[in-house]
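Take this structure first; my questions come after.
The figures here come from the full heavy-atom set of this structure, side chains too, leaving out hydrogens, waters and symmetry mates.
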Amino acid sequence: MTLRDVFTPAQPVTERSKFAGRLGVLARLIEILEEQRSHVVIYGERGIGKTSLVHILADIARESRYNVVYASCGAFSNFEDIFRAVLRDIPQLYLRDIDPTAVGEHQGTLADRLPDSFDARQLGELLAQVTGTRVIIVLDEYDRAESDQFRQSVAELIKNLSDRAARVQLVLAGVASNLQQLIGYIPSIRRNIIGLPMPRLSSDEVRALIRIGEKTAGVEFDEDAAKAIEQLSNGSPYLVRLVSHHSSMIALDAERLRIELGDVWGALDKVVEEAAGRIDPRLIAAVEPYLDLQHGPMVYAAARAASTPDGWFTPEDAISLCENCPPDRMIKDLNELTLAGVLERAADGEAARYRFREEPLPTYLWMRVARDRLDASPISATSRSVAS
């Protein structure tokens, strides 16, 4: 039960004791909010730990007497609905025109001060009256909001709050490869926000995450197992937790508290099976002919290269991850996979970019090729048998 709790691939980390690495990013985020009093946009690829970061930030900020309100955006997010809900969590007590000694006068929330309909300017005027505290409003999954009007209103609110030196700051978090991709080209707020990219986990941070599981649950990952998890995860916190979770469960089923390399290899079967269940079977059938020993390394490299916020990669990105892969052969395979419907292709002038048709497909291919390579190895087959 403890291992299931500490290695939670499907849920963000909400407890500081289980938050591994990212201390530099967290320190920079606190510096931006505390010292620069700026608004922040956190961006990066999916599963890289943005939501976990803002949850830990919220925990630390509340201890420091900040009022922190978290909201998650959706495809049809509406400016008035989102912020009316946010303001229900902020007491009127903190408004400048409220006498905190007057009994009953400060009951209610800031939402009670909102008219039936309001815009960014009116909301900015109300939030500018906040005093005696500082407020952080977190809008997570900001990339999911499809309305240009919603994003424009949020940008106007940020500008209004900055112009009025309000004690309210916004933290936006979403999937994007750069700041402009997430907030659009709105020159008027460029000086009011700071972009904070979320990098992949370093080797030390991957090991720190694994050590948290060891310390919490009383298990031990041997060196080969930890190294394999590091290589398979490619710095993704999601994949570190996913592979660690499955390999730990395999070891426990075998009545062992030591997780070995064979357990990690066994975890690949479960990861591949789960990923396949989220993909159109027709895509799996279309890519199957390219998973043999001849094409597998190129597919593996392409899947790793697709680990970008928007999933797009160039042939050069894939070639750089593939040893002894002829460039012309890589381009040929990518074009064939495009014709097979596995990839989509976009051309910017003479340069081509590719992206897999479905989001879970790169992880499936990456893990599938790794597993198939191990299955083809006599040494791995013996080790897997011993682990069983």
Side-chain angles (χ1 to χ4, degrees), residues 44-48 175-178 181 199-200 228-236 238-239 242-243 264-265 268-269 271-381:
E45 64 191 79
R46 199 173 305 281
I48 204 66
V175 176
S177 56
N178 54 61
Q181 193 177 73
R200 289 179 166 272
I229 292 171
E230 178 188 338
Q231 292 174 339
L232 288 167
S233 69
N234 195 32
S236 164
Y238 167 76
L239 290 178
L242 182 63
V243 179
V264 177
W265 289 344
L268 285 178
D269 290 331
V271 173
V272 170
E273 181 181 349
E274 290 176 0
R278 296 192 291 268
I279 300 169
D280 186 336
R282 292 172 295 182
L283 282 177
I284 294 178
V287 79
E288 192 71 33
Y290 295 88
L291 299 180
D292 57 20
L293 292 177
Q294 180 182 4
H295 298 87
M298 296 188 217
V299 172
Y300 181 85
R304 291 192 64 179
S307 299
T308 61
D310 56 8
W312 290 102
F313 64 95
T314 66
E316 290 73 25
D317 295 331
I319 291 167
S320 69
L321 298 171
C322 185
E323 293 183 8
N324 303 318
C325 286
D328 57 341
R329 186 56 185 270
M330 175 67 78
I331 293 172
K332 181 176 182 293
D333 281 2
L334 292 177
N335 288 332
E336 287 182 3
L337 287 169
T338 302
L339 291 173
V342 176
L343 294 170
E344 55 182 311
R345 183 180 185 274
D348 299 326
E350 295 183 359
R353 297 184 302 147
Y354 298 86
R355 181 168 65 181
F356 286 91
R357 290 282 181 181
E358 290 193 7
E359 183 187 313
L361 195 50
T363 299
Y364 167 79
L365 293 173
W366 184 350
M367 297 296 174
R368 168 73 186 275
V369 173
R371 184 198 67 181
D372 292 350
R373 281 183 182 176
L374 290 169
D375 286 344
S377 166
I379 297 176
S380 86

Value for CG (Asp292) from CG (Asp372), rounded to nearest 0.5 Å, stands at 10.0 Å
Is there a side-chain contact between Trp312 and Asp317 (heavy atoms, below 4.5 Å)? no
Which word best sums up how the rings of His295 and Tyr290 line up, parallel for under 30°, tilted for 30 to 60°, or perpendicular for over 60°? perpendicular
Quick check: do Pro315 and Tyr354 have side-chain heavy atoms less than 4.5 Å from each other? yes
Under 4.5 Å between any side-chain heavy atoms of Met330 and Glu316, yes or no? no
State, to 0.1 Å, how close Ala301 and Cys322 come at their nearest heavy-atom pair, and which atoms those are. CB-CB, 3.6 Å
So Leu232 and Val271, do their side chains get closer than 4.5 Å, heavy atoms only? no
Can a donor-acceptor pair be found, under 3.5 Å and without considering hydrogens, that links the side chain of Ser236 to the backbone of Ser233? no
Go through it in stages, so that I can follow the logic: the residues are Arg345 and Leu334, the test is side-chain contact (heavy atoms from CB on, under 4.5 Å), and I'd like the CA-CA distance, side-chain angles, deciding distance and then a yes or no. CA-CA 9 Å; Arg345 183 180 185 274; Leu334 292 177; over 6 Å; no
What one should report as the nearest heavy-atom pair of Ala302 and Phe356 is O-CE1, 3.7 Å
Side chain to side chain, Leu242 and Glu274, heavy atoms closer than 4.5 Å: yes
State the CZ-CZ distance between Phe313 and Arg353, to the nearest 0.5 angstrom. 11.0 Å
Near Arg329 CZ, under 6.0 Å, is it more than 12 heavy atoms from other residues, nucleotides or ligands? yes
Which atom pair, heavy atoms only, marks the closest approach of Ala340 to Ala286? O-CB, 3.7 Å
We want to know whether Asn335 and Thr338 form a side-chain donor-acceptor pair, criterion being a heavy-atom distance below 3.5 angstrom. no
Rounded to the nearest 0.5 Å, what separation is found between the CD atom of Glu358 and the CG atom of Asp280? 5.5 Å
Side-chain heavy-atom pair Val287, Leu337 within 4.5 angstrom cut-off: yes
Around Glu273, counting heavy atoms of other residues, nucleotides and ligands shown, do more than 12 lie under 6.0 Å from its CD? no
Test Asp328 against Lys332 for salt bridge (Lys or Arg N to Asp or Glu O under 4.0 Å), laying out the working first. CA-CA 6 Å; Asp328 57 341; Lys332 181 176 182 293; over 6 Å; no
To the nearest 0.5 Å, what is the distance between CH2 (Trp366) and OG1 (Thr363)? 7.0 Å
Minimum-distance pair of heavy atoms, taken over all atoms of Pro297 and Leu293: CD-O, 3.3 Å
Please determine if Arg368 and Glu288 form a salt bridge, counting it only when a charged side-chain N lies under 4.0 Å from a carboxylate O. yes
Mind checking the SG-OH spacing from Cys325 to Tyr300? Nearest 0.5 Å is all I need. 12.0 Å
Dump the intermediate steps for side-chain contact (heavy atoms from CB on, under 4.5 Å) on Val243 and Val264, then the final yes or no. CA-CA 7 Å; Val243 179; Val264 177; 3.9 Å; yes
Check this for me, if you would: do Glu45 and Arg200 make a salt bridge, where the nitrogen-to-carboxylate-oxygen distance has to be below 4.0 angstrom? yes
I want to check something: taking the side chain as every heavy atom from C-beta on, are Leu291 and Leu365 in contact at a cut-off of under 4.5 Å? yes
